[in-house]
Amino acid sequence: MTFEIGKLLTASTVAATLMASSAMADTELRMMWYNDGIEGEVMQTLLARFEEANPDISVTLDVVPYKSIIESLPIQLAAGAGPDLARVTDLGGLSEHYLDLSPYISDPAYWEASFGPFLDWLAPGSDQISGFMTQLTVTGPYVNKTLFEQAEVAMPGAGATWDDWATAVNEVAGKLDIPIPMAWDRSGHRVSGPAIAMGAQMFNAAGEPALVDDGLKLMTQRLYDWHQDGTMSKELWGSVSGSTYLGANEDFANAQVVMYMSGSWQIPQFADKIGDAFDWWAVPAPCGDAACTGMPGGAALVAMKDTQHPEEVGKLMDFLAQEETLAEFYGKTLFIPGHLKLATGGVDFATEDPRAKHALETFSGAVPNISPIAFDLQGYKNNRVLFNALISRLNEAIVGEMTLEQAYARMEDDVAKQLAEKERE
Amino acid sequence: MSDASTDRMSVMDRLTALAAWPVQALFKVLDYPLSAIQRLIGTHRMPWIFLLPNLAFFGVFVVIPLFINFAFSLTGGTELFLGNRVYTGTEQYGFLLECETFGDPVTCREDRFWKGIYNTAVFIFFQVSFLVLFSLITALILNRKIRARGFFRAVFFFPVLLSPVVVALIWKWILLRDGILNAFLVSMGLDKILFFVSPEWSMFWAVFVSIWANMGFYTLILLAGLQAIQPDLYEAAEMDGTSRERVFWRITLPLLWPNLLVVVVLALIKGVQIFDEVFVLTGGGPGTATQFIVQYIYNTGFTEQVQNFGLASAASVVLGVVLFVLTMTQLAATRARDHG
Amino acid sequence: MLTARRGQGALHWSDVFTYVYLLFGVLLMFGPVIWLVMSSFKTPAGLVEFPPTFLPLGQVEVPVEGYDEPLLLFDVTMEDGTTRQLAQVRRIGIISQMVDPANPGDTIKVPIDQRTKVREFRMAVENYVDPLERFNFVQYLQNSVVVTVAATLVTLLINSMAAYGLSIYEFRGRNAIMLFVIGTLMIPITVILVPVYLVVTQLGMINSLWAVILPGAATPTGVFLLRQYMLTIPKDLIEAARMDNASEWAIYSKVVLPLAMPAIAVLAIFSIMWRWNEFLWPLIVLNRSEVYTLQVGLNAFQGELDVQWHYILAMTVVTLIPVVVVFAFLQKFITTGIASSGMK
């Protein structure tokens, strides 16, 4: 116990000293950050290294709850009181506040070559360079392989459809008395991948968002039916309202779930929490009528245009975006690299866990198969409007507050209303 | 002949005196300018000076934002600064009130707004009635001659000190599928209940948790009222041989009535504003079963990707009108009591 | 308490009801919090167990010769029905490879459903230490304390002044002001969040602790509470002081304030509680970590994709501690103070 208190005191003293020393530096940069796992600590080590190499610049990492990034950051940026850099997930939505780093970085060509397609996500419709992906994420399912073995049910292989999987997990759950055969994160982003696999186009011929079409309905109908027949448990999606996010990681980690539709960001967490309690196994994206795809995504570190120190920000970005630095970052955090060269190999993931390694391979390998519609959807700057409308109205249908048909009508209404509000001049 | 308690008291007194010294010094210094002002404007105008700081704070941090809020409700678009927004007149209010049939939220344009109103009405109906009931019972019990009365009073007041987020987390933890309440049910041979999947149970727990967290405060108000009743009234009744039940209905309740009214109206006002606790406890779910009106305002203005300040402000103005009516009722009731 | 009886000698039904109610009340009010504290010391694995154990338990690990790390200990039902205690080397699929700690030579293969964990009482203190280490706890604590103390002092001063003005004097417009003050009670903070943010931005207070101290200082409840109490102060005292040529300010500070101490104590306690627990507003207006209050800082580990109950529970307990301390020492003030300030 004393050892821990000692550590605590030391940490606080160190932090206080850092505060003091940073107060003496010439330029102070503020980076707004949120954490899923240990990436804050990894970033902190990188920042310390940067500060050593650049003694006149100090960088402070302001760690906030994710809720702040989604709700408070837009307001702060609009009011001109935002940070110099931030880790954001609403890549296109905040793009009006991003800084064009091109004049401040040493080699824009390197950035284009390494981060190409992802830069478009950050700057829809323009070719400015604003930042890089702290991680690329791919959505896809995990299964509890140990349960399949115990139930002596064969796992569907590559090319299996969602219906195949539904049958298989129900069989396993029935035999072993598992409460939740299938669980999905409660998120429109998660539903989009399989919807696109079923043929959803997401956009109409004119490139405008058209959420509800036959492909989408094929997938939402399945989700609805699964909730009614017990394949998916209503306590996950049914227990909150609106577009509130709810993951099933706790339940999956406790072997209450046979198959969990989530994504690659769970890898570090599962490696840590589940360890080898059971074989958590990433499987390839199940197929639909049109494709076998998940949704890409991720968070990016971007520079803000209201910063008072664009040159220093540029220097910091250059440092962090170097191949070796990123390789180290991705390696320690177990994130899929958002760097084209590193994505094909070159990151030494800091894990011995065979499950984590397999998962990283599976998800990295899924990237080439991601449907172009999925890429476009991720790059569309108002995609959250679509995701929120999708999940919140689908949910209301699932809990019986309205019929599916009404939900579809409402989805389209919601999207139209919100886009109209945004377009007001 | 000094005993321990006197020593302790003098230490406390000395400490208080020590702490009070800078405060007293400050007040002494302030006396000079303020006396000068008094000589200038006359004693009868002094109340305004005393009110000035408070009113200034209200003005800057409450009144001006209220006007800004109202101004927002007349605008649309997504700009943050009022000057850059698009003027839309009463369009936002129109959106709110656009309904095919007013009884059924599903037919309204802003269905969640009406759902929120409906849910809030149901909530305050149950919450206020049971809150007053249990506060009254608890106050009556605490008014009896029981030892350690202070302790019990404190026990019931304890949850009032907790932040709404903490309250919600405590209960959420208890009510999870694998939480302790379900463990208890299973040990009695019953099935687990998934509280947060059932709309009725979610509303029940929203009401219950809100009562749990707030009852102590109202209990103390009622207790104060009970203790203000002259004991001779009770003695006289006992000498007359009046039954206990009659004493309650004929003496206690009528004399307690003004306090009860205050409790009811305060609880109503607070109840209509319910947000934090329920948001953390149920998230407004399942579906929209426990989504109350303040959550609608919060979601519309903050959590959607298009932060629709115009619509959210309009809804908040509507809410404000409702609350204004409630507050007026309280004032009328208080004045009736003061003069009656 | 055993002597509390209604009738003479025998227990009336209302007495039984009283005891039962009080007992139930204590359980209901304290029980959930105690459960919270007990749960906060459990490991994530312990938290998901069903049915939950009351005490935090952790699985026993034993050092075994020939292995670098200590191994997890299980009770195993063997094929012949006997039970042995074995340590697990690793698990592959549905078979666990185990060794007898006493004879580590042979590995025994055991199906995983034949094992149960051997556990002992263990407090997972890391639930507290990990987040506190990651964040600048001392700084956040200091900020919270500064905000709470400063805000309370400002609140006490301006609210008592306003209450004095509204209670001691009769003047035109008094009722209008009262109406106005009480009217502001009905505005939930969420409703004016953005406008107040704009005001604060214009005043240049963004990212300073003043943004959290000042906006909430003029509480209508405070004014109301103090005014009600000051109304009970006998007017003759005031008149006498005036006859002695005391200035109004002197009357306020030397006569009325000391007499109003019980109500002021109550307001102080409320103000401390409100400021300490404030979350939503500081979250929006503070985005530099050195000015975070404790509530904001401790919630920082809630990332996009993760709900870590063991940390949430532990941090909730941490924010509870000052409240409990205030409660324990000042409960007498609270309960008697409200009663005597009479909310009449």
Side-chain angles (χ1 to χ4, degrees), chain A residues 67 70-72 74-80 90 92-94 179-180 186 233-246 250-251 254 256 381-389 392-393 395-403 406 410 413-415 417-425, chain B residues 75-81 84-88 91-92 95 104-107 109-112 115-116 119 172 175-178 192 194-199 201-202 278-279 281-292 295-296 298-311:
Chain A
K67 177 186 164 69
I70 290 288
E71 294 170 13
S72 314
I75 299 182
Q76 290 167 0
L77 290 172
D90 193 3
L94 293 174
I180 307 177
R186 187 181 185 281
S233 165
K234 282 193 187 172
E235 52 174 294
L236 184 57
W237 285 23
S239 66
V240 284
S241 83
S243 53
T244 311
Y245 177 83
L246 207 54
E250 288 281 318
D251 287 319
N254 304 321
Q256 304 288 301
K381 80 174 190 186
N382 294 322
N383 56 17
R384 264 186 70 217
V385 173
L386 299 175
F387 296 145
N388 288 354
S392 57
R393 296 303 185 177
N395 194 51
E396 285 178 47
I398 286 175
V399 298
E401 285 182 2
M402 55 175 73
T403 66
Q406 285 174 320
R410 280 289 174 184
D413 263 349
D414 285 350
V415 173
K417 269 174 9 195
Q418 293 198 37
L419 290 181
E421 197 66 37
K422 216 166 184 200
E423 309 288 301
R424 263 197 225 262
E425 273 311 311
Chain B
T75 66
T78 52
E79 286 290 327
L80 179 67
F81 289 106
N84 300 338
R85 290 179 69 85
V86 177
Y87 177 76
T88 60
E91 195 181 64
Q92 305 282 15
F95 289 156
D104 190 8
V106 182
T107 61
R109 185 183 202 268
E110 287 299 320
D111 55 328
R112 290 186 178 133
K115 195 76 202 288
N119 284 339
K172 189 164 188 168
L175 297 171
L176 290 180
R177 167 165 51 90
D178 290 337
K192 287 193 207 176
L194 300 180
F195 296 109
F196 296 124
V197 176
S198 149
W201 274 116
S202 296
V278 181
F279 190 64
L281 184 70
T282 65
T288 50
T290 53
Q291 183 222 276
F292 299 115
Q295 185 180 342
Y296 167 79
Y298 182 75
N299 281 347
T300 313
F302 280 90
T303 58
E304 294 293 340
Q305 183 182 35
V306 179
Q307 294 179 316
N308 198 339
F309 300 124
L311 193 58

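Reminder, nothing fancy here: chain letters follow the sequence lines and each chain counts from 1. Computed from a prediction, not measured in an experiment: that's the story for all the values here.
Looking at Arg177(B) and Asp251(A), their side chains come closer than 4.5 Å, going by heavy atoms from C-beta outward.
Heavy atoms of Asn382(A) lying under 4.5 Å from chain B belong to its backbone as well as its side chain. Heavy-atom distances place both the backbone and the side chain of Ile75(A) under 4.5 Å from chain B. Residue Ser392(A) touches chain B through both its backbone and its side chain, counting heavy-atom pairs closer than 4.5 Å. Using a 4.5 Å cut-off between heavy atoms, Val240(A) touches chain B through backbone and side chain atoms alike. For Phe81(B), the part lying near chain A is the side chain, with the backbone staying farther off; criterion is any non-hydrogen pair under 4.5 Å. If you measure heavy-atom distances from Ser202(B) to chain A, you find no contacts under 4.5 Å at all. Only the side chain of Phe95(B) has a heavy atom closer than 4.5 Å to any heavy atom of chain A. There is no contact between Tyr296(B) and chain A, counting heavy-atom distances below 4.5 Å.
Taking NZ of Lys417(A) as the reference point, atom CG of Leu311(B) lies at 7.5 Å (rounded to 0.5 Å). A distance of 12.0 Å separates NZ of Lys422(A) from CG of Asn308(B), quoted to the nearest 0.5 Å. Between atom OG1 of residue Thr288(B) and atom CD of residue Glu401(A) there is a gap of 3.0 Å, rounded to the nearest 0.5 Å. Taking OG1 of Thr78(B) as the start and CD of Gln418(A) as the end, the distance is 11.5 Å to the nearest 0.5 Å. Here CE of Met402(A) is found 5.5 Å from CG of Asp111(B). Values are rounded to the nearest 0.5 Å.
The ring-ring contact (aromatic ring centres under 6.0 Å, His included) check on Phe292(B) picks up Phe123(B), with sequence neighbours excluded. For Phe387(A), the ring-ring contact (aromatic ring centres under 6.0 Å, His included) partners are His189(A), not counting sequence neighbours.
Comparing Lys115(B), Arg109(B), Arg85(B), Glu79(B) by heavy-atom pairs within less than 4.5 Å of chain A, the highest count is held by Arg109(B). Considering only heavy-atom pairs separated by less than 4.5 Å from chain A, the leading option among Arg112(B), Gln307(B), Gln295(B) is Arg112(B). Of the listed residues (Asn383(A), Ile70(A), Leu419(A), Asp90(A)), the greatest number of heavy-atom pairs within a distance under 4.5 Å of chain B belongs to Asp90(A). Note: Val385(A) leads Leu236(A), Asn395(A), Thr244(A), Val385(A) in heavy-atom pairs under 4.5 Å with chain B.
For NZ of Lys381(A), the number of neighbouring non-hydrogen atoms (other residues, nucleotides, ligands) closer than 6.0 Å is 12 at most.
When all heavy atoms of Val399(A) and Pro286(B) are compared, the closest pair comes out as CG1-CB, 4.2 Å.
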